[in-house]
Protein chains: 2
Amino acid sequence: MRVSIGDVARRAGVSISTVSRVINRRELVNAETRQRVDQAIAELGYRPNMFARGLMLRKSDMLGLALPDVHGEFYSEVIRGANAKARELGYHLVISSTNGPEDAQTLLEDLLRRSIVDGMAIMVSEQPGGRPWEQIETRLPLVLLDGAVEDGEHDSVVIDQRAGAQALMRHLIRRCGMKRILFMGGLTTNVDTMARRQVYEEVMRAADLPVSPEDVYHLDFQYETAYAFARDRVKGWAGSRHCVFAANDEMACAVIDAATEARVRVPQDLAVVGFDDTRIARMTRPPLTTVRVPMSTMGATAIELLCKRLADPDQPPTHVSLTPQLMVRESCGAAQQAGAKPAPGDTHVA
Amino acid sequence: MRVSIGDVARRAGVSISTVSRVINRRELVNAETRQRVDQAIAELGYRPNMFARGLMLRKSDMLGLALPDVHGEFYSEVIRGANAKARELGYHLVISSTNGPEDAQTLLEDLLRRSIVDGMAIMVSEQPGGRPWEQIETRLPLVLLDGAVEDGEHDSVVIDQRAGAQALMRHLIRRCGMKRILFMGGLTTNVDTMARRQVYEEVMRAADLPVSPEDVYHLDFQYETAYAFARDRVKGWAGSRHCVFAANDEMACAVIDAATEARVRVPQDLAVVGFDDTRIARMTRPPLTTVRVPMSTMGATAIELLCKRLADPDQPPTHVSLTPQLMVRESCGAAQQAGAKPAPGDTHVA
DNA sequence: GAATCCACTGAAAGCGTTGTCAATGAGTGG
DNA sequence: CCACTCATTGACAACGCTTTCAGTGGATTC
């Protein structure tokens, strides 16, 4: 049978209360007694039962992190950041992801209902699920992550999609002199896609450039889909000062590959830019101009906010906005800086 | 204040026991009563307190997953597989990673000590930590993941490094006719590296090929390091039927880039192969021949074993070995299959 | 009609902690 | 020497749930 606090007490010849005190508030107990208890704990290999403890303390030191889909580098970076921060602050992380948008509700429900977390960070990037967390009445501290549109009521950390997309679009138009830009996004239900598309249209209009419906495509963020799609069309897209703005790096790579395949030169005949700055962005030839999204920072910040709220539940909600960074490489055709030829992967940070 | 089972009981006009029964063993209570209780639960938004429940049931439906470092695609895939399987089986996942090898002990200690998991999967890939789990006496079901050398006592799931490396080496020698193969691994403390290196040497010897110490390098798995390293040497490596066997894809890519940069043609002047088959393997030009490691399967299997053991704690330990798959692309210079030119990313599975 | 059985329900005993409160005894100032 | 403070400790009541055991009536059997 597992050894409990009572066993320790007996062995040390003290009361349960004293053992508890040794564990939680050492300073309150006499040095000599304390040592006896410590020894008993060591000898018995005693480990406090976290259920009992949680029952009293009403906390578990565990935080939840719900993601749309753990697939891909994006989410793994979020996890990494969150995990590091959680450990730093003495918490553990319960991670879960939905198997598709319609599942979000179920997951959240389940996680909130069954699991033992002190607070929870939620990222929902597909619209149709709506705002699952609202359905569930709970007093559990919640932090909303990018995608889950901020509702004012909860803490949130978002990526400033607009700023990133704007920087990119302006670079394309002002610095690279693009005249025609095509937009290739994920599904229209994806909030990131829609945010980027909106900025795309705004900046195009502001620059008096045409934004025709047939220059806007919605695929599914996958390389394969985008490649198959671009393969047939890339020749038609080519032209001086023409560019494809893909809403993620995977699709941008696919376009580059399709172009290369079709002997459409990138960036001379067709510039291509992506979004996210995942690992592959530096692997393409030419290297991909894209927007770096501070993914791990996002995870870390979420955990930080969660802990702050745990410490002080009544403070007004904090909203953190993380600004992405334009990474100018070669696929956009920006004039290369003077000087030595950069090594592969070199990047000019704008 | 939070609503407890007593509140529900009062509202439904029944005893606590009955409410508990409705929740756990519906069939034992009269349909009419049951309905009254269900209604009370719904009206009050009652959610059982998992601490109290765990205290009685001595289980939390949470499983732990300890990884060496969440960085990189490899681990994110493990997480993905584990998460999916965990959800499927009705569990939640507590994930944590070490911030370096010496941290493994601490993490594990902490996780086992403080957290509430029914079982735990552990991956430790750096040797110096030894076998941290052995230090900690615990009756908690443990599954050891690749890297953590199997100790016979616990369930384990490992990647058959030998089979993968053998397939690759033999392909290189028999099919591609390589005469000189260089080995580029991670640090010597990394168990995967050492396993691959061992096979490398064995197969070389078996084929009567020279394996000189200066053809074996130990770097750190990073692109940058490998690139800087290869840059100065790649010309010296070049030669007919020469090849670099990098122990992961990142380093392989670095070698390809360094070679391309130095006008050493891949694979004609120098073949390059990697290991892992991460996302970037299909992005290099030429695409990288590598070995696909079933990462998400590994995560899923670990969870599966854990659950099996939970269900039947006394069964003898299960050891699962996952076989990697050779992915022949173009960087090894294998004769291209007859027929149409493959699309980028196309792969010939050996 | 008494004895059983059955379906259902309630009372109460834990589960392993923490925290409150009182008790003990030694030391202190008057 | 007394009232008082202080440091230390123990008893015991929660915490919210599950589960065992013992009713309670009505139906069934002999």
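To find a chain, count down the sequence lines: A is the first, B the second, and so on, and within it residues start at 1.
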Polar atom pairs between nucleotides 8-14 of chain D and protein, under 3.5 Å, N or O only, would you list them?
| unit_1 | atom_1 | unit_2 | atom_2 | d |
| --- | --- | --- | --- | --- |
| dT9(D) | OP1 | Thr33(A) | OG1 | 2.3 |
| dT9(D) | OP2 | Asn30(A) | N | 3.0 |
| dG10(D) | OP2 | Ser15(A) | N | 2.9 |
| dG10(D) | OP2 | Ser15(A) | OG | 3.0 |
| dG10(D) | OP2 | Thr18(A) | OG1 | 2.6 |
| dG10(D) | N7 | Arg21(A) | NH2 | 2.9 |
| dG10(D) | O6 | Arg21(A) | NH1 | 3.3 |
| dA11(D) | N7 | Ser17(A) | OG | 3.2 |
| dA11(D) | N6 | Ser17(A) | OG | 2.8 |

Atom CZ of Phe51(A) to atom C1' of dG14(C): distance rounded to whole Å? 17 Å
Working to the nearest 0.5 Å, report the span between CZ of Arg11(A) and CZ of Arg36(A). 12.5 Å
Classify the side-chain pair Asn24(B)/Arg53(B) by whether it contains a donor and acceptor separated by less than 3.5 Å. yes
For residues Ile116(A) and Val94(A), determine if any side-chain heavy atom of one lies less than 4.5 Å from a side-chain heavy atom of the other. no
Measure the distance from CG on Leu57(B) to C1' on dC15(C) and round it to the nearest whole Å. 11 Å
Test side chain to side chain contact (heavy atoms under 4.5 Å, CB included), reference Lys59(B), set Leu310(B), Asp118(B), Val117(B), output is Asp118(B)
Is there a side-chain contact between Met50(B) and Ser60(B) (heavy atoms, below 4.5 Å)? no
Round to a whole Å and report the spacing from CZ of Arg53(A) to P of dC15(C). 20 Å
Atom-to-atom span, CZ of Arg26(B) to P of dT9(C) - whole angstrom: 13 Å
What is the separation between atom CZ on Arg2(A) and atom P on dG16(C), rounded to the nearest whole Å? 9 Å
Under 4.0 angstrom between Ser20(A) side-chain N/O and dT17(C) OP1 or OP2: no
State whether Arg58(A) places a side-chain N or O below 4.0 Å from either non-bridging phosphate oxygen (OP1 or OP2) of dG16(D). yes
Beyond-backbone contact of Leu63(B) with Cys307(B), side-chain heavy atoms, under 4.5 angstrom: yes
Send over the distance from Ile23(A) CD1 to dG19(C) C1', rounded to a whole Å. 14 Å
Gap between atoms CG and C1', on Asn49(A) and dC15(C) respectively (whole Å): 8 Å
Side chains of Ser20(A) and Ile5(A), heavy atoms from C-beta outward: is any pair under 4.5 Å? yes
Would you find a donor on one side and an acceptor on the other, under 3.5 Å apart, between the side chain of Asn83(A) and the backbone of Ile79(A)? no
Gap between atoms CZ and P, on Arg25(A) and dT17(C) respectively (whole Å): 18 Å
Angle between the end axes of the helix from dG1(C)-dC30(D) to dG30(C)-dC1(D), five pairs per end, to the nearest 10 degrees? 50°
Run the side-chain donor-acceptor check on residues 293-303 of chain B: report pairs under 3.5 Å with partners two or more places apart or on a different chain.
| unit_1 | atom_1 | unit_2 | atom_2 | d |
| --- | --- | --- | --- | --- |
| Thr301(B) | OG1 | Thr297(B) | O | 2.6 |

